[in-house]
Amino acid sequence: MINSACRLRKTPSGTPSTDEEVLQELALDYPLPKLLLEYRGMAKLKSTYTDKLPQMVNRETGRVHTSYSQAVAVTGRLASSDPNLQNIPVRTVEGRRIREAFIAPPGSRIVSADYSQIELRIMAHLSGDQGLLRAFANAEDIHRATAAEVFSTPLDAVSNEQRRYAKVINFGLIYGMSAFGLASQLNIERSAAQQYIDLYFMRYPGVADYMQRTRQQAKQQGYVETVFGRRLWLPEINGGNGMRRQAAERAAINAPMQGTAADLIKLAMAAVQNWIEREQLHTRLIMQVHDELVLEVPENELALVNENLPGLMCHVAELKVPTKLDWVKARIGKRRIKQTRCCLAWASKNFHLFAILVNT
DNA sequence: TTTAATGGCGCG
DNA sequence: AAAGCGCGCCATTAAA
């Protein structure tokens with residue numbers, strides 16, 4: 001079935017890979033891969049969300065309740081399970097229909113607030129790079145600013161493609177991506193990718209220094225730290241297995257940024273909950289999604305929450321850059337909800353409708 | 001029936 | 001040989 005022309009890549013165990021990237025490529029030449037991708041997408045939504053979530057509605061509360069593990073993720077993040085509510089779909093139109101099933105009870109609204117570009121801000125703080133600090137101090141669109149630097153272009157002359165490139169570079173930096181990774185991500189030559197990386201580090205020398213220092217420190221100490229001092233130990237950073245050592249190096253680059261972000265959101269959770277109790281509000285902090293807090297807010301407390309949440313979340317620590325929220329607002333505003341009980345009683349109906357849609 | 005490994009994919 | 005960090009959960013397959 002999978003002839004040699006279709007075997008674009010192998011999995012670690014040696015079998016032909018059929019992941020999304022491979023299938024997208026094959027879809028250029030054959031009709032089947034596209035269908036398969038569509039099927040997989042729908043099957044994923046159905047099996048993981050529409051079939052499962054309604055089964056997990058608690059009989060007493062009428063809601064789904066997740067569990068958060070505090071000592072699972074090595075970077076200090078929380079991990080959500082049974083069900084995982086930190087991976088509810090949002091990136092596609094079909095997926096967002098799942099998310100729409102999550103609603104507030106009558107008289108309340110869902111409010112969610114997430115930190116804007118938090119890991120890049122932390123990279124600016126940790127590296128102390130002047131260009132990056134200035135961009136954030138000036139509240140610039142950071143990907144646009146990066147594109148302007150890398151492509152030596154005025155800010156307002158940055159093209160969409162240039163911004164897209166810069167965005168991939170920025171994310172790649174956080175994850176310790178190589179020229180090879182950048183090339184495959186942007187579908188360009190590896191030498192071109194290397195040039196972009198070199199150019200980036202010339203424009204942001206503080207970041208280059210920081211990356212270098214971090215690797216070195218990891219090798220000497222055997223661990224890296226967040227801004228608040230939580231450590232990630234890297235036993236394989238000096239090991240003999242090249243592949244694992246390189247993976248450890250990437251983890252060393254990423255952990256201070258992902259981990260500091262995790263520290264900040266935990267401080268924010270405490271700050272927000274303390275404020276709610278101090279003010280004796282009926283607002284509830286109901287979820288955390290890594291850089292985002294989700295609250296259920298009675299309508300008569302909406303103004304107060306919208307007014308105070310940014311300050312509470314953004315002043316848990318003073319970094320070398322300002323922290324900012326992407327947005328704070330009531331979600332699902334238009335939909336008039338006439339329903340008894342709360343949240344997922346109604347939601348399960350939505351899930352059911354969706355399941356039928358998928359089945360047909 | 002349960003457990004473990006694998007490939008794949010949802011999110012930040 | 002792999003090539004981008006951190007998770008949890010699904011279906012499938014094989015083995016206990």
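FYI, side chains are in, hydrogens and waters are out, and symmetry mates aren't considered; it's all heavy atoms of this structure. In what follows, every chain begins at residue 1, and chains take the letters A, B, ... in the order their sequences are listed.
- Residue order along DNA chain C, read from the 5' end via each residue's closest nucleotide, puts A:Leu182 first among A:Leu182 and A:Asn87.
- When DNA chain B is scanned 5' to 3' for any atom under 4.0 Å from a heavy atom of chain A, the first and last hits are B:dT6 to B:dG12.
- Remark: C1' of C:dG6 and NZ of A:Lys266 are 13 Å apart, rounded to the nearest angstrom.
- Through side-chain heavy atoms spaced under 4.5 Å, either directly or across other Ile, Leu, Val, Met, Phe, Trp or Tyr residues, A:Tyr223 is tied to A:Trp233.
- The separation between A:Tyr175 atom OH and C:dC7 atom C1' is 12 Å, rounded to whole Å.
- Note that CE of A:Met269 is 11.0 Å distant from CG of A:Leu267, once rounded to the nearest 0.5 Å.
- Remark: A:Met243, A:Arg250, A:Ala251, A:Asn254, A:Gln258 in residues 225-262 of chain A come within less than 4.0 Å of DNA chain C through at least one heavy atom.
- At a threshold of 4.0 angstrom between heavy atoms, the contacts of A:Glu20 are confined to the sugar-phosphate backbone, with no base atom among them.
- Side-chain contact between A:Tyr49 and A:Asn87 is present, with heavy atoms from C-beta onward closer than 4.5 Å.
- At the heavy-atom level, A:Asp82 lies under 4.0 Å from the strands shown only through sugar-phosphate atoms.
- Between the P atom of C:dG8 and the CG atom of A:Leu78 lies a distance of 11 Å, rounded to the nearest Å.
- With hydrogens and angles left out, the side-chain atoms of A:Gln288 and A:Gln86 include a donor and acceptor closer than 3.5 Å.
- Residues A:Gln221 and A:Arg231 fail the side-chain proximity criterion, which asks for heavy atoms closer than 4.5 Å.
- The shortest distance between side-chain heavy atoms of A:Arg250 and A:Gln246 falls below 4.5 Å.
- No donor-acceptor contact under 3.5 angstrom links the side chains of A:Ser108 and A:Glu296, judged on distance only.
- Counting to the nearest Å, the P atom of C:dC9 and the CD atom of A:Gln55 are 14 Å from each other.
- For the salt bridge (Lys or Arg N to Asp or Glu O under 4.0 Å) test, residues two or more places apart in sequence or in another chain that qualify with A:Arg230 are A:Asp263.
- To the nearest whole angstrom, the two P atoms, one in C:dA2 and one in B:dG8, are 13 Å apart.
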Evaluation steps, side-chain contact (heavy atoms from CB on, under 4.5 Å), between A:Thr66 and A:Asn84 = CA-CA 6 Å; A:Thr66 189; A:Asn84 181 352; 5.8 Å; no
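- If you check every strand for non-hydrogen atoms under 4.0 Å, A:Thr15 touches sugar and phosphate atoms only.
- Within the nucleic acid shown, A:Arg40 comes within 4.0 Å of sugar-phosphate atoms alone, with no base atom in reach, counting heavy atoms only.
- A heavy-atom distance below 4.0 Å to DNA chain C is reached by these residues of residues 70-77 of chain A, ordered by number: A:Val72, A:Ala73, A:Val74, A:Thr75, A:Arg77.
- When every heavy atom of A:Ala166 is checked against every heavy atom of A:His143, the shortest pair comes out as CB-O, 3.2 Å.
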Take A:Lys34 and A:Glu38 through the test salt bridge (charged side-chain N to carboxylate O under 4.0 Å, His left out) and record every step on the way to the result.
-> CA-CA 6 Å; A:Lys34 186 158 176 286; A:Glu38 281 175 22; 3.4 Å; yes
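- When the salt bridge (Lys or Arg N to Asp or Glu O under 4.0 Å) test is applied to A:Glu20, no partner is found at least two apart in sequence or on another chain.
- In this structure, A:Gln86 atom CD and C:dC7 atom P are separated by 12 Å, rounded to whole Å.
- Near DNA chain C, meaning a heavy atom under 4.0 Å away, there are no residues from residues 194-212 of chain A.
- For the pair A:Tyr68 OH and C:dC7 C1', the interatomic distance rounds to 13 Å; values are reported in whole Å.
- No close placement of the A:Phe201 and A:Tyr210 rings is indicated, their centers lying 6.0 Å or farther apart.
- Residues forming a salt bridge (Lys or Arg N to Asp or Glu O under 4.0 Å) with A:Lys219 (at least two apart in sequence, or on another chain): A:Glu249.
- When side chains are defined from C-beta on, A:Ile174 does not count as touching A:Asn170, because their heavy atoms never get closer than 4.5 Å.
- Looking at heavy atoms from C-beta onward, A:Leu132 lies in side-chain contact with A:Ile142 at the 4.5 angstrom threshold.
- Rounded to whole angstrom, the span from the NE2 atom of A:His290 across to the P atom of C:dG6 amounts to 13 Å.
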Grab the N/O contacts between the protein and nucleotides 11-14 of chain C below 3.5 Å, and write none if there aren't any.
none

Given the rule in the side-chain hydrogen bond (donor to acceptor under 3.5 Å, both in side chains) test, do A:Ser152 and A:Arg203 qualify, once you have shown the distances and angles that lead to the verdict?
-> CA-CA 10 Å; A:Ser152 301; A:Arg203 301 297 189 191; 2.7 Å; yes
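- Among pairs with a residue in residues 121-130 of chain A, none fulfils salt bridge (charged side-chain N to carboxylate O under 4.0 Å, His left out), at least two apart in sequence or across chains.
- A 4.5 Å side-chain heavy-atom check between A:His290 and A:Tyr115 finds every atom pair outside the cut-off.
- To the nearest angstrom, P of C:dG8 lies 17 Å from CG of A:Leu53.
- Here the separation of B:dC9 from C:dA1, taken at their P atoms, is 24 Å to the nearest Å.
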Could you spell out the base pairing of DNA chain C in dot-bracket, with Watson-Crick or G-U pairs whose two distances are under 3.5 Å, [ ] crossing and | to another strand?
-> ....||||||||||||
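- The other residues sharing a hydrophobic cluster with A:Ile237 are A:Val74, A:Val224, A:Leu232, A:Leu234, where clustering joins ILVMFWY side chains under 4.5 Å apart.
- Nearer the 5' end of DNA chain C, as judged by each residue's closest nucleotide, is the contact made by A:Pro12, out of A:Thr48 and A:Pro12.
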